[in-house]
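Scroll down for the structure; my scribbles are underneath it.
Hydrogens, waters and symmetry mates play no part in the numbers below; they use all other heavy atoms, side chains included. Here is the naming used below: chain letters follow the sequence lines, and residue numbers restart at 1 for every chain.
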There are 2 protein chains.
Amino acid sequence: MPRTKNTSTEEKILAAAKTIFIEKGMDGARMQDIADNAGINKALLHYYFKSKEKLFEVIFKEGAEKLFSKINSILNSDLPLFEKIRLFSNEYAEIISQNPYLPLFVLNEMNKQPHSFLENIFGKNQPTFENLVKQIDKEIKKGTIKPVSPVNLVINMISLSIFPFVAKPVFQRIMNLDALQFGSIMDQRKTMNAEFIIASIKK
Amino acid sequence: MPRTKNTSTEEKILAAAKTIFIEKGMDGARMQDIADNAGINKALLHYYFKSKEKLFEVIFKEGAEKLFSKINSILNSDLPLFEKIRLFSNEYAEIISQNPYLPLFVLNEMNKQPHSFLENIFGKNQPTFENLVKQIDKEIKKGTIKPVSPVNLVINMISLSIFPFVAKPVFQRIMNLDALQFGSIMDQRKTMNAEFIIASIKK
DNA sequence: GCATATTTTAACCAAATGGTTAATAAAGGT
DNA sequence: ACCTTTATTAACCATTTGGTTAAAATATGC
């Protein structure tokens, strides 16, 4: 049999697990489905990753990383506020466009997994938004933006970026959009989101 | 045995099913857990509701109804635009405050259940936003608001209302908020959301 | 009070599922 | 070539799970 030697078994398993877990979630995913999707024997899953939970942990951790790592790095960078908002919206929209089903997966599991599991994964590396907070305070004093709490600003930016993808079937239905129309609206929003946010705080 | 006669068995089942399904989702929910939560024998679930899927259908339908029915009725009412935005944000925030775990449940299942299931539940009753669209066009022509697509405006309003609850564990973690702090921020947002939206479109 | 219909339960069942095992195949080292 | 280690597989196992059933309890109509 012509086995593609370049993708190792472990990589095939990870790719398959990602597909299945993100589509079905921890509870809905079946080890047999992951094995089939990877084209290997089910026992290999346990040979390489010990248990379903351990395999899930790897996939979840990677997904959470992809989803959250950029938030902090951009929002705490040294860019001017409006540029920062634009960069965040654009880059973040891009990440999510490329992984449209990732947010729902991660959010869902963060709400369902026990606290101990999350603690173990996220550990103590508490992000900090000091830079952003100072920056916003300064702009408020300068009078360039209205008084706004940094927490709510961040919540708004993230909400506008992520939620449309999480609620895709809802919006498609209530607004009667086919997949193509929905896609092009999401494309518009890549630049629009930042302008919405800026307009809402600009004085 | 002193059976509380006022709550019928069927009602007890529905209440328990709601609790378990919303907490665990279709895949994670166990019929035995629902029976235990209702304090009855598992066979009664099938006696009253035939199958897990049928029971789930009832709970999901009720949840989706609660979540979506008000969107249309408010957005298509005859109120002036800004009042409409305020009413929507306030009322919708209230609904979700009172059912904080409902959105994730509904969104999750809408993404996971087969198209046929959703078609069967939502049927043909296609909501229409004609009123709102005309209203927005009029305000744009009058020059009271910037040019904005109604679709994106509605997406923004709903995103800001719902997403913070869906992503509660995320926001609590990245912003280091305890449950109380988070709750008080959500309270602020009940009125803030509308002002954000209005500020973003006002000329 | 009694026959009938409805409700409830304990015990049971078959299928599915995560996980294991023992044997086989392939790779690596010498 | 030969031995050892690593990788892979088919068959198997125990438990869980949605669902059924037959009998018991309760309510209903007369």
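- Checked against D/dT8, D/dT20, C/dT8, the side chain of B/Leu44 finds its nearest nucleotide in C/dT8.
- The minimum heavy-atom distance linking A/Ser161 with A/Tyr92 is given by the pair CB-CD2, 3.8 Å.
- Atom pair A/Asn41:CG and D/dA10:P shows a separation of 6 Å (rounding to whole Å applied).
- When the nucleotides C/dG19, C/dT6, D/dT21 are ranked by their closest atom to the side chain of B/Ala43, D/dT21 comes out on top.
- The nearest whole Å value for the distance from the CG atom in B/Leu45 to the P atom in D/dT21 is 17 Å.
- Following rounding to the nearest Å, A/Gln32 (CD) and D/dT9 (C1') show an atom-to-atom distance of 12 Å.
- Between B/Lys190 and B/Asp187 a salt bridge is recorded (basic side-chain N to carboxylate O distance below 4.0 Å).
- Dense packing is recorded around CZ of B/Phe117, with more than 12 heavy atoms of other residues, nucleotides or ligands lying under 6.0 Å away.
- Backbone-only engagement by A/Ala29 is indicated by non-hydrogen atom pairs under 4.0 Å involving sugar-phosphate atoms exclusively.
- Comparing D/dA10, D/dG19, C/dG19 by their nearest atom to the side chain of A/Lys52 picks out C/dG19.
- Protein atom NZ of B/Lys12 is 12 Å distant from nucleotide atom C1' of C/dT7, rounded to whole Å.
- Considering only side-chain N and O atoms, A/Thr9 lies under 4.0 angstrom from the phosphate OP1 or OP2 of D/dT8.
- For B/Lys24 and D/dT16, the NZ to P distance is 14 Å, given to the nearest whole Å.
- At the phosphate of D/dT8, OP1 or OP2 sits under 4.0 Å from a side-chain N or O atom of A/Tyr48.
- When all heavy atoms of B/Asn76 and B/Glu130 are compared, the pair lying nearest together is OD1-N, 3.9 Å.
- Residue A/Asp78 places its CG atom among 12 or fewer non-hydrogen atoms of other residues, nucleotides or ligands, all under 6.0 Å distant.
- Going from atom CG of A/Asp36 over to atom P of D/dA10 covers 11 Å, rounded to whole Å.
- Between A/Gly39 and A/Lys42, the one whose closest nucleotide on DNA chain D sits nearer the 5' end is A/Gly39.
- Closest approach to the B/Arg30 side chain among D/dA10, C/dG19, D/dG18 is made by D/dG18 (side chain taken as heavy atoms from C-beta onward).
- What separates CD1 of A/Ile20 from C1' of C/dT17 is a distance of 15 Å, to the nearest Å.
- Rounded to an integer number of Å, the gap from CD1 of B/Ile40 to C1' of C/dA10 is 14 Å.
- For B/Tyr47, whose side chain is taken as the heavy atoms from C-beta onward, the closest listed nucleotide among C/dT7, C/dT9, D/dG18 is C/dT7.
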